[in-house]
2 protein chains.
Amino acid sequence: MALARKPADPLHAFAAHDHGNCSRDALARAEAITTAAGARLTPVRRRALEILLEDHRALGAYDVLNRLAGEGFGNQPPVAYRALEFLVAHGLAHRIQRLNAFTACTHIGNAHSPAFLICRSCSTVAEAAAGAIRTALDAAADEQGFVVEMSTIEALGLCPACRSAAA
Amino acid sequence: MALARKPADPLHAFAAHDHGNCSRDALARAEAITTAAGARLTPVRRRALEILLEDHRALGAYDVLNRLAGEGFGNQPPVAYRALEFLVAHGLAHRIQRLNAFTACTHIGNAHSPAFLICRSCSTVAEAAAGAIRTALDAAADEQGFVVEMSTIEALGLCPACRSAAA
DNA sequence: TCTATGTATGTTATATTATAACAGGTCAAC
DNA sequence: GTTGACCTGTTATAATATAACATACATAGA
Ligand SMILES: [Zn+2]
Ligand SMILES: [Zn+2]
Ligand SMILES: [Zn+2]
Ligand SMILES: [Zn+2]
C-alpha cells in the first residue's frame, strides 16, 4: 500500500503543519501497523488514539478516561489504562514519565525510542531523534560497566513559538 | 575545612567501596552545604537523608515516611515529601521519575544534573556524568528550535555485578 | 526582654495516578 | 457447539502526592 512506501514525515510538533492530515495519516498508519501485527485496533483503542491525536500534547489517563466515558465507553480506570497500554505497546503512543501522561506518537511505523521535548509554556510535546543521545548515554554507562536496555530522555524547556512570544 | 579541598570521589555506586565512609562523607558534605546556603539540616531532614544513604537504591516517599514515623517523627505524607523536597532542592538527593522514588546524591557538592543508571535486577542506582549526553540532547533540541532548560535522563539495564551473575 | 517575622513541623483531609481481581461477551479454531 | 484466546466492563483498593490549616520554634530588631 501507499503507506508502506511513504517515509515518515520529518515534520515535528513545533513546526507549522496541516494537523488534520498529520492526524489522519497517523490513524491510517496505526491501522496498518496493528493489522500487520495481528492485533486489533478496537473501537476504544482507536478512539483513545484519536483523542491523543487531537493535538501534540500529553494527556493523563484520567483525561482520556473522561473523554471515553463521555462517549459511551466504560468509565472505570482500567478502560483507559488498558487502551493506553495497548497503544504504547504497539508504538502508537508514548508515555511521558515526567508528566505521568501519554502522547500520540508522531512517527508511527518507525521503530524508535525518542527524546521528548516538552514546552513548559504551551505543553506541546515533540519527539527528537535520540540516536546520538543514546550513543552518548551508552558510552557514559559503559564507563561504569553498565549496559543500557531502555532509556527515558525527557527535556523541559521552551518551544520556538513560546520563545519568540517571550522575547 | 578539609571537605572543601577534597574533590568528590570518582566512586560510583556499582564499584566496590567502603560504604560506611561513602555515607559518612555524604552526610558531612550535606551539613557543610546546607550551612553554607543558610539552610538548616534539621533532624527530620537529616534522618531522611541518612535513610536514603543506607544504600545506593531509590526509596519511595512512603518508604521513607514509614521509617521516619517509626522513629518518632510525624507519620503523615507531607512529613516525608517535605523532607525529600528539601534534600532535592539542595542537591542532596535526586528524584528518579521512572520509579517515583528518591535516591541520595553520590556527588554532593558538585553542581550536576546526572544521568541515572538503574539496575533492573538489584535496583542499584548510579549517577553518570551527563555532560556529553546533554550536549547531544541540546543539539537534537536545537534542530527543532527548542531550548532545553532541564532534562531527565534515566537508563534501565544491568549493572556489572548482575551482568556477571547472569552470565 | 519582648515581640514580630520567617521558617519548620504536624495534622486532617483530599486529590491524583495506577492496579488487582473477577464477570461477562465476542469470535474464530477445532 | 465447545474450547480457548482475547477484549470489555465492573468493583474494589493500592500507591503516590498535595492543599490547607494549626502549632511551635527560631532569631533578629524594638
Ligand atoms: Zn500534527
Ligand atoms: Zn514516537
Ligand atoms: Zn556507597
Ligand atoms: Zn547527584
Side-chain angles (χ1 to χ4, degrees), chain A residues 30-31 34-52 57-90 92-103 123 152 154, chain B residues 30-31 34-52 57-90 92-103 123 152 154:
Chain A
E31 299 273 14
T34 49
T35 299
R40 292 160 48 204
L41 192 60
T42 59
V44 222
R45 293 168 175 175
R46 184 186 165 99
R47 192 63 195 122
L49 178 56
E50 288 172 353
I51 289 167
L52 291 183
R57 290 191 172 76
L59 288 181
Y62 283 78
D63 296 331
V64 174
L65 177 59
N66 289 339
R67 295 286 307 276
L68 291 174
E71 299 177 14
F73 295 100
N75 70 342
Q76 297 305 313
V79 169
Y81 280 100
R82 286 195 291 228
L84 291 166
E85 179 184 40
F86 175 91
L87 297 178
V88 169
H90 289 80
L92 312 179
H94 299 289
R95 177 178 191 130
I96 309 294
Q97 302 284 350
R98 276 195 81 88
L99 305 178
N100 292 322
F102 301 82
T103 192
S123 301
T152 300
E154 297 172 357
Chain B
E31 299 274 16
T34 49
T35 299
R40 293 160 46 205
L41 192 61
T42 59
V44 221
R45 292 168 175 175
R46 183 185 167 100
R47 192 63 196 121
L49 178 55
E50 287 172 353
I51 289 167
L52 291 184
R57 289 192 173 76
L59 289 182
Y62 283 79
D63 297 330
V64 174
L65 177 59
N66 289 338
R67 295 286 307 276
L68 291 173
E71 298 175 14
F73 295 100
N75 72 341
Q76 297 305 312
V79 169
Y81 280 101
R82 286 195 290 229
L84 291 167
E85 179 184 40
F86 176 91
L87 297 179
V88 170
H90 289 81
L92 311 179
H94 299 289
R95 177 177 192 129
I96 310 294
Q97 303 283 351
R98 277 195 80 90
L99 306 178
N100 291 325
F102 300 82
T103 191
S123 301
T152 300
E154 297 172 358

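Just so it is clear: chains get the letters A, B, ... in the order the sequence lines come, proteins before strands, and each one is counted from 1.
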Sugar-phosphate, base or nothing in reach of B:Arg82, heavy atoms under 4.0 Å: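 Counting heavy atoms under 4.0 Å across all strands, the contact made by B:Arg82 includes a base.
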Short side-chain N/O contact to C:dC27 OP1/OP2 from A:Arg40, under 4.0 Å: no
A:Asn100 side chain near C:dT16 phosphate (N/O to OP1/OP2, under 4.0 Å):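 So the side chain of A:Asn100 is outside the cut-off, no N or O lying under 4.0 Å from OP1 or OP2 of C:dT16.
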d([atom1], [X]; [atom2], [N]) in whole Å:
{"X": "B:Arg47", "N": "C:dG10", "atom1": "CZ", "atom2": "P", "answer": "14 Å"}
{"X": "A:Asn75", "N": "D:dG9", "atom1": "CG", "atom2": "C1'", "answer": "9 Å"}
{"X": "B:Asp63", "N": "D:dA14", "atom1": "CG", "atom2": "P", "answer": "16 Å"}
{"X": "B:Ile96", "N": "D:dT16", "atom1": "CD1", "atom2": "C1'", "answer": "16 Å"}
{"X": "A:Arg98", "N": "C:dT17", "atom1": "CZ", "atom2": "P", "answer": "15 Å"}
{"X": "B:Gln76", "N": "D:dA19", "atom1": "CD", "atom2": "C1'", "answer": "14 Å"}
{"X": "B:Tyr81", "N": "C:dT16", "atom1": "OH", "atom2": "P", "answer": "14 Å"}
{"X": "A:Arg45", "N": "C:dT26", "atom1": "CZ", "atom2": "C1'", "answer": "13 Å"}

Test item: B:Asn75 and B:Val79 side chains (from C-beta on) under 4.5 Å apart, heavy atoms: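 When only atoms from C-beta onward are counted, B:Val79 and B:Asn75 do not touch, as no gap falls below 4.5 Å.
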A:Leu84 and A:Leu52, any side-chain heavy atoms less than 4.5 Å apart: yes
Side-chain donor or acceptor of B:Glu154 paired with backbone N/O of B:Arg98 under 3.5 Å: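 Answer holds: yes.
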Per A:Pro78 side chain, nearest of listed nucleotides C:dT9, D:dG9, C:dA20: C:dA20
Selected nucleotide, minimal atom distance to B:Pro77 side chain, candidates C:dT17, D:dT8, D:dT18: D:dT18
Residue closer to the 5' end of DNA chain D, A:Phe73 versus A:Tyr62 (nearest nucleotide): A:Phe73
Salt bridge B:Arg47-B:Glu50, side-chain N to carboxylate O under 4.0 Å: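 Salt bridge present between B:Arg47 and B:Glu50.
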Atom of B:Leu65, atom of B:Ala80 and distance for their closest heavy-atom approach: CB-CB, 3.7 Å
